[in-house]
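Following: one structure in structure tokens, then a few remarks.
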Amino acid sequence: MPLLLDDLDLTKTKKVDAKFFSSKLNGSGKKTGRLHQGLRPLDTTSIETPARIELKTTTTQHDITVVTVPLAGITRRALETLPTATLPTPDVDERFVVETDSDDWEAVFDMTPQALVLREDKSSKPIKHELTIQYRTELVLMRVGMIEPERVVRLTEDTNLAVTDAAVILDWDASPMETAAGAISLALGRLGIAATNLNALDAWMNEYPIHDRIVRLAETWSSEAIAAEVDAYIADVTFPDKEVLNALAIQLRYLENYSVPLEAYGRIHRALTAAFDSDVAQVLAKQNLNLLMNHTLAGLDTIKPQLARLVPPDPPPALPEYLSPQQVACVSTTEPLVMVRAGAGTGKSSTIIERIAHLVACGVNPVDITVLSFTNAAADNIKERNPDVGSMTIAAMINDIYQLNHSGHDISSIDTIINSLEIFFPTDQVAADFRARLLDVDKNKIGAATSLNTFVERHYDRVMAMLDAIGQTSLELEIIICYQRIDEMVEPTHVACRHLIIDEVQDNSVFEFIYMLKYVAKHLQSLYIVGDASQTLFEFRSANPRALNTLEGSGVFATYELTTNYRSNQEILDFANVVLSELETNQLAQIQLRANSLEAPTKASFEEKVRLDYVHLPQMRGFLSNELSPLLANRVLPQYVDPCLARGEQVVFLAFSRREVALMQALLESRYPDRHVASLVSERVFATDIFSKYIKFFWNDVLQVPPNNATFVVTQGIRDNMEKLTKNVGNPKVERAVLELVSKWWLENGATTNAWVNLVHQGSMPSTEFFTRLRDNLLAFEIAQNAVKKSLTDARNRARKEKNLGEKVDLVVSTIHGVKGLEFDNAVILHKDDKTMAQDVRRLYYVAFTRAKKTEYVLSYGTTDKPVIVSTHEAIGNLLVEREAQAAEREKHARALALGIDPDLVDDEETAGVPVPQSV
């Protein structure tokens, strides 16, 4: 039985601070940090602040880094564009009351931080930091004696003040301490009103709580309050013209800057569908993938009665007796839309296998079942068990559909596509915009997928013409194009089915979720998805745990849970459950893992099976280089690993980074020369764009020589311009790889290019055609080379992983990413303590803490005297002591009752040996 986490005295009240917006916003409004108590609403820096900051960005040139950070919930553009926009009346306890000479009007003034710019200059010693904050200033006019409204409308040149009871004059300023008094006087003067106490405004400005106001904005963004702000803006849009709708679209994209709660997105989507007709609401929903998810879900919900569903015979087929009640419910459900929330080690794969068997037992033809997996290995496993069932990855399914419709497009890297677009369409503005959006996707920038999707939709014919010309596509483009034309795409027969199952669904990108929901609606399929949002680890591949959370909270799916862990003992799970309770992804599900065992943990068993070794450091620098290996050699290996090996048990070493894993592997290989240390770290694949980049920059050099010299100019040109063609100039290994690649191209294509040269000499081929063929040959080689490299690397990684796991070696090292879905006897986990740890890192450690079956050793390090992980470990031990005492008291009470003695008058020795009645 898991511990009741509410009983743990960890005082873990979640607080939102200014670092919600940027980790660089240190300080708490006190003496130190960038948001210190001496900060005033005054621009004393040299930073030029953009008028409109709508995207969180970081740019670095030379030694200067500039960070732009949006703060306010509503964009400046949205408020400036909508004449009927309203704002909340400033809080009575915070605003500055402007005394005037008017008998009809009273005025108040307030400010809201709209955005900020951080500038860091590393060229100066010490490093120079500059901060500029842009404020939205609000001068509110209200008729004397009126009941104060909750919101006031923006005053514009078209507003008739004579028929308005309250209005707000908006402006934006980076230095209101200097300019606000003049601006207030000017604004009131135009209305024939004079302010009489502006000399007191400076004192109000000196007390203006910048830090607290920014924290309050962070609290708004991280709660449903952000939806209230956006909903109010949507309600203000009474007569939407093109400019207003464009501003609203940008406002909806603006929300992607930060982690907005899924409940907020649901509420905003409902406001959109209530305010606009279906066509406009759909266009607006496409401006934000989270809104598009909600929109697609709502559409699927309306046709749920038409979806395929399981109809068991009467009587239904018997299920295996070894299935738990939770698994029985998951396997036998007849709902058409099913979500199985499956915690770590709870038997996701076996549940899917049993679901397939149950469908077949109920009369479903296996060819009408398709299982989509995240990895090829998982897909192959399903196929081996069920040869007639369709099994593939989502990427493979989408690629098969796309290639059937656009067979002339080869899968290519985004870098090569960008270079090719510039080569083929050097002066085309649409191509330039296309390149910019692809580059943002490649860098995984905020809102990049949304922007690319809307761009492709707006310029679909032009985009497809460009892809036809270069003969290339990418996985990111394939799914967008398949989504855009889902109703027109011809589909291969092997992807058709009636019952669709998706495994490890949390690792899908938001766009894959959206596409699959739309695909299910198109084919009226049943959809059965299995996953755990708290194990989402691939956000760098555009996976988003919030997507699965959106499905969880939608009410569209029948939701089931698997919480019985068949891997680990309860001691390990109690520790992991505390981490799980801190994850935003688990706030809706509230999953707590319990072991498949009745054995109750004790403090002694907990401390034996979950060892925590915290190393307090004066500073982090130098720990990995100087201290990690001695700690492992002198403490971890002799005290923990050697006893595990003596028992014939396996030990895995897990760390966050490849560097940490490499250090541990080197030590283990030195310490245990007679044992094989297996590494599960995957070999990385780096796509090359040497040839396309050379063509883009230097093709004119090739065109200046006769065809018989062209190939020499290409090979020599790449050698001579290495610094412009590679990112690692001066690295002998990289330069050698480039030269080997050039040699390989010549060896494979020399005969072909020489044949073309002969055709030119014979007059059978124009020289212009020769150069076109040579260019296309170089691009085709680059594309093919990248595809081959990826295929070979993936095969090597998979083969090595299967070999190492199959041999059950004694010692294994891996990044945490590399062991997802795997289990080991024992684990050593390197844990870097950080009180501001991001949610994606917390999820990573949750996965690490659930890999061991028997014991784990957590080697934690940090600069905090007593971090949360130490308090957690101690609190669990103390709670187990209390539980033991309560259990002993209950047992004593039961034995005393069996003897007919008052429990308060009997000691333990008197009741020893007396059996406890089973009914007690």
Salt bridge between [X] and [Y], side-chain N to carboxylate O under 4.0 Å?
X	Y	result
K820	D507	yes
E823	R851	no
E884	K603	no
D380	K383	no
E582	R842	yes
K866	E874	yes
R671	D642	yes

Query raised in the report: Should the ring pair H873 and F575 be called parallel, tilted or perpendicular, given that the plane angle runs from 0 to 90° and is split at 30 and 60?
Result: perpendicular

Between [atom1] of [X] and [atom2] of [Y], what distance do you get to the nearest 0.5 Å?
X	Y	atom1	atom2	result
L624	L830	CG	CG	7.0 Å
F849	L573	CZ	CG	13.0 Å
I529	D503	CD1	CG	11.0 Å
L645	Q650	CG	CD	10.0 Å

May I ask you to check whether [X] and [Y] show a side-chain donor-acceptor distance below 3.5 Å?
X	Y	answer
Q506	D532	no
E552	T559	no
E354	Y322	yes

**Report entry** Ring center gap for Y258 and F20 short of 6.0 angstrom
**Finding:** yes

Requested in this report: Measure centre to centre between the rings of H831 and Y861, then say whether the value is under 6.0 Å.
Outcome: no

Requested in this report: Would you indicate whether F656, at its atom CZ, is surrounded by more than 12 heavy atoms from other residues, nucleotides or ligands within a distance under 6.0 Å?
Outcome: no

Query raised in the report: Would one find more than 12 heavy atoms of other residues, nucleotides or ligands at under 6.0 Å from atom NZ of K832?
Result: no

Query raised in the report: For Q665 and E669, what are the C-alpha separation, side-chain angles and deciding distance, and is it a side-chain hydrogen bond (donor to acceptor under 3.5 Å, both in side chains)?
Result: CA-CA 6 Å; Q665 182 175 0; E669 288 173 344; 3.1 Å; yes

For residues 336-349, please give each side-chain donor-acceptor pair under 3.5 Å, one per line with the distance, not counting sequence neighbours.
from: R341; atom 1: NH2; to: E561; atom 2: OE2; distance (Å): 2.9
from: T346; atom 1: OG1; to: G343; atom 2: N; distance (Å): 3.3
from: T346; atom 1: OG1; to: G343; atom 2: O; distance (Å): 2.6

